[in-house]
Amino acid sequence: MSTYLTHGFVLKRRPWREGDRLYTVYTQHHGKLDLIAAGSQRANSKLASHLLPFASVEMMIAHGRTFDRLASANLETIYLKPPYHLPTVILASSFLEIIDNATKEGQAEARLFQLLLDYLRQLSSEPIIDNSAWRNQARYQLMQFIMKVLNITGLDFHIHKCEVCQDNLRAEVNFSWLRHGFIHKDCTTGAENIVALPVEVSAWVNKSASSGPTEPAELPLSFLGFLTDYLAGHTGRDLSTLKVLKSVL
Ligand SMILES: [Zn+2]
């Protein structure tokens with residue numbers, strides 16, 4: 001039986017036949033994979049004890065007929081561990097789900113693995129801060145994470161210029177699905193398939209367009225709502241962590 005070695009993060013798991021589980025993992029060299037872990041529903045499963053969420057795992061994988069199998073797993077670094085800061089766990093869970101939703105099995109993309117690694121590492125090194133400061137920081141992290149995933153998967157858009165007149169964004173803007181980017185309200189014609197953005201999103205995009213790469217304050221939650229809708233529109237899958245995420249952001 002041929003085997004190969006890689007590193008990965010567990011995105012999700014579900015029960016599979018008698019006593020087994022099917023783990024969805026994002027690997028460094030092979031992209032997203034569904035892998036059977038034999039006997040991993042058992043309480044004393046050695047395999048399961050290494051397949052923790054928010055942790056990098058070295059995996060020995062054996063080719064199988066329908067699904068590949070985890071021959072062995074070796075826990076490397078746990079990025080989030082007890083005692084958990086619950087909002088951080090929710091944010092990290094949404095990172096995992098975004099990667100799952102935005103990818104298809106077997107398409108290798110080392111940059112997505114690295115992105116997940118960078119963001120989990122960043123979360124693990126942050127001191128626990130008070131809630132309003134945490135919230136604002138978390139909104140930025142989520143926005144940047146989504147924008148980077150969109151960039152790597154080829155779905156990104158500019159937030160600095162109008163896709164019609166190419167001028168800098170100003171005043172009210174709409175998002176055009178046709179042009180895959182923001183356009184001035186004045187440049188919008190009837191032919192565009194647009195999303196009319198809430199005023200605060202429009203204002204934020206504007207402010208962000210004029211202030212360059214520095215962080216303008218107060219990222220509105222509705223901009224994150226727009227981004228997650230955009231992602232869902234492209235992937236055909238809603239973000240199930242979104243509802244609980246909204247309650248902590
Ligand atoms: Zn314009």
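Below, each value reflects all heavy atoms present in this structure, side chains not excepted, and no hydrogens, waters or symmetry copies. When a ligand or atom number is given, it counts from 1 through the structure's own listing order. Here the structure is a predicted model, which is why all the values come from computation and not from measurement.
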>> Other residues, nucleotides and ligands only: do more than 12 of their heavy atoms fall within 6.0 Å of CD on E18?
In response: no
> Going through the distances and angles, do E126 and Q141 end up as a side-chain hydrogen bond (donor to acceptor under 3.5 Å, both in side chains)?
Replying inline: CA-CA 12 Å; E126 281 165 6; Q141 283 168 329; 2.3 Å; yes
> Hey, are D100 and R237 close enough for a salt bridge, meaning a charged N less than 4.0 Å from a carboxylate O?
Replying inline: yes
> Between Y23 and R21, does any side-chain donor sit less than 3.5 Å from a side-chain acceptor?
Replying inline: yes
>> Test your reading of the model: is there a side-chain donor-acceptor pair from S45 to the backbone of R42, 3.5 Å cut-off?
In response: no
> What protein N/O/S atoms lie closer than 2.8 Å to the Zn ion (ligand 1)?
Replying inline: C162 SG, C165 SG, H184 ND1, C187 SG
>> If the threshold is 4.0 Å, N to carboxylate O, is there a salt bridge linking R179 and E163?
In response: no
